[in-house]
Every structure is written in C-alpha cells, then in structure tokens.
There are 2 protein chains.
Amino acid sequence: MSHECKVETALDILVGKWKPVILFNIFQHGTLRFSELQRLIPNITKKMLTTQLRELEYHDIINRKVYPQVPPKVEYSITDYGKGLTPLLESMHEWGLSHIAHLDKIYGENNTEKSN
Amino acid sequence: MSHECKVETALDILVGKWKPVILFNIFQHGTLRFSELQRLIPNITKKMLTTQLRELEYHDIINRKVYPQVPPKVEYSITDYGKGLTPLLESMHEWGLSHIAHLDKIYGENNTEKSN
DNA sequence: TGCCATAGTATACAAAAGGATACCTAGAGG
DNA sequence: CCTCTAGGTATCCTTTTGTATACTATGGCA
C-alpha cells in the first residue's frame, strides 16, 4: 500500500537539541564558519555542533567546505537540495507561533514553563 | 523583532518515539480506546502509550473521554484544534517520502540502515 | 469466594542524547 | 622554540528517554 506514515523521516533530520537553530542561522547568513556558528549559538559545545552538522551533512541539507589552510577554515552552507526544506520549516514556524498563542489562551499567558 | 524561530515548538508536540504513529492511528480511525491503540501499535508499553497520550492531550491535540464504568473505558480522538495539524503532517509526510528517495539516490537503495 | 477485564501506576533498569573538559594538528608571528 | 589559532576528537559523566515487569481499582460473573 505504501501509505506508511513518513512524518518520522522528516522529523529525523530536525530532531536534536540544536538542529533548528543551526539551520536557522545558516539560512539567515548564507555561509558560516564553524567558529561563527559557535558564537551565534551560545552554550553549544564543539562536540554538539560537530555532530549536528555532520548529521545535517549526511542528509544533504548542508554543505561542508574545507579550506586546506592552517589554522583551518571550514564553511557551512545550505545545499540546493536543503533549500527545499524552506516551505516545511516555514509551515512549522507558523504553526508553532499560533500554537504558542493557543496554549496561552488555554493555560494563560503566565505559564512560561512547559508542563510536558 | 519577534522573528524567533518557532520550529521547535511544532517539533515539541511531535517528538517522542510514538507520537507520530499514535496520531496517525487516531486520525485514521477517528476514535480509539486505549486498548485498541495498544493493539494497533505492537511493542508499545502501557507506560509509553499513557505518557505520549497525556502530552498530546496537554497540547490540546487529542481529547480524552472517560466513561465511568467498570472495567474502565477511555476513548481518544483528535480535537477540532488538533485537526489543524493535518496540513503540516501531510507536508512532513510528503517531504519524508521524497527525502527517502533522495537518500536512495545518494547512498544507494541497499542502504537500509541510517548512518545517523 | 475467586477470577476476569480495562486503563492505568509504580518501580527499577537500560539505552540514548547531551555536556564538560582535555587534547591534537601545523603554520604564522614573536 | 613558544604560543596562538580554528576546527575539530577522545574520554568521561549526567540527564533524558524509553523498556520491562509487577501491581492496583472496581464491578460483573461463575
């Protein structure tokens, strides 16, 4: 039947504590070096940044360009294929915005914490 | 500016090993009892089913209707608000399908495992 | 009296994800 | 020859998620 739900496949590439914010920044700036990402995302460790970038690279969402220099220079950018994510990310962002408003309506504005 | 990325908010309500398949089933069947969900989702434990359902309920995606009987009867259904998720879920499903094809093209069909 | 059913809780545990910290490389500048 | 730099690894530890298993409540039925 092939009607299997593939929502999880889409989820997979976005899940991870830092992937959305990494993508957001690369989308915004076009191209970013590793150290620029580190600056833009306070609190992220090199290890986390590396693993999340590698996962996105594996999925062909971002491109990793190494300049053979010392000290090293590595630039990350969205692949052409990765740009196809834009509509989906925008839908999710829109839905997220309105959902925050909805939760406010239900539980009140003063509920900053998630009772998840 | 309020241009903050709210993709994570959308992500939040879908993350959890079982949420997509739970939603999928309730969407398909309209209304399902706890035990019916258990049957439809082999391997899920009562505890996981309970916690995932409670999280979805907190977000007003599903409705929990308790019949005061013995033995207990509890029915779960999508709320009207929750139905607003449909377009997003469909976009994710579509993207997921084409992404699987894309990965196949890159890494070959015989790569069932994720090198995530 | 004892057993069945449903929709859970409680407890203990295993696995996965994430975090902190130290270390590595090799050339440029002092 | 010491130190700085950028972009990482390696190792160990903590937190979060998920799993397994046993237990509970209540009324109807034999």
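Because the structure is a prediction, the values reported are computed rather than measured. Values below: every heavy atom of this structure, side chains too, minus hydrogens, waters and symmetry copies. Reminder, nothing fancy here: chain letters follow the sequence lines and each chain counts from 1.
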Exercise. Round to a whole Å and report the spacing from CG of L32(A) to P of dA6(D).
Key: 15 Å
Quiz prompt | Out of dA7(C), dG18(C), dG18(D), whichever nucleotide has its closest atom nearest the side chain of M48(B) | solution = dG18(D)
Exercise. Could you tell me the separation between the CG atom of L85(A) and the CH2 atom of W95(B), rounded to the nearest 0.5 Å?
Key: 4.5 Å
Quiz item: Please give, in whole Å, the distance from dA25(D) P to K73(B) NZ?
Solution: 24 Å
Quiz item: Is the shortest side-chain N/O distance from R39(B) to OP1 or OP2 of dT6(C) below 4.0 Å?
Solution: no
Exercise. Find which nucleotide of DNA chain C each of K47(B) and F34(B) is nearest to by heavy atoms, and output the residue with the more 5' nucleotide.
Key: F34(B)
Practice problem: Specify the separation, in whole Å, of atom CG of L53(B) and atom P of dT6(C). | Solution: 17 Å
Quiz item: Roughly, in whole Å, what's the span from OH in Y76(B) to P in dT6(C)?
Solution: 15 Å
Quiz prompt | Distance, rounded to the nearest Å, where Q38(A) contributes CD and dT9(D) contributes C1' | solution = 14 Å
Quiz item: With distance as the sole criterion, is a donor-acceptor pair present between the side chains of H99(B) and Y81(A) under 3.5 Å?
Solution: yes
Exercise. Rounded off to whole Å, could you give me the CZ-to-P distance for the R54(B) and dA10(C) pair?
Key: 11 Å
Quiz prompt | Integer-rounded Å distance: dG8(C) C1' and Q69(B) CD | solution = 15 Å
Exercise. Working to the nearest 0.5 Å, report the span between OG1 of T51(B) and CH2 of W18(B).
Key: 11.0 Å
Exercise. Would you mind building the protein contact string for nucleotides 22-30 of chain C? One character per nucleotide, 5' to 3', B for base within reach (heavy atoms under 4.0 Å), S for sugar-phosphate only, - for untouched.
Key: ----BS---
Exercise. Starting from the 5' end of DNA chain C, give me the residue, T50(B) or K17(A), whose nearest nucleotide shows up first.
Key: T50(B)
Quiz item: To the nearest 0.5 Å, how far apart are CG in L103(A) and NE2 in H59(B)?
Solution: 6.0 Å
Quiz item: Atom CD1 of I41(B) and atom CE of M48(B): how far apart are they, to the nearest 0.5 Å?
Solution: 12.5 Å
Practice problem: Give, for atom CD1 of I78(A) and atom OG1 of T31(A), the distance between the pair rounded to the nearest 0.5 Å. | Solution: 9.0 Å
Practice problem: Ignoring the backbone of S35(B), work out which of dG7(D), dT6(C), dG8(C) is nearest its side chain. | Solution: dT6(C)
Quiz item: Hey, is K6(B) close enough to E4(B) for a salt bridge, meaning N to O under 4.0 Å?
Solution: yes
Practice problem: Could you check how far CD1 of I22(A) sits from P of dG18(C), rounded to whole Å? | Solution: 11 Å
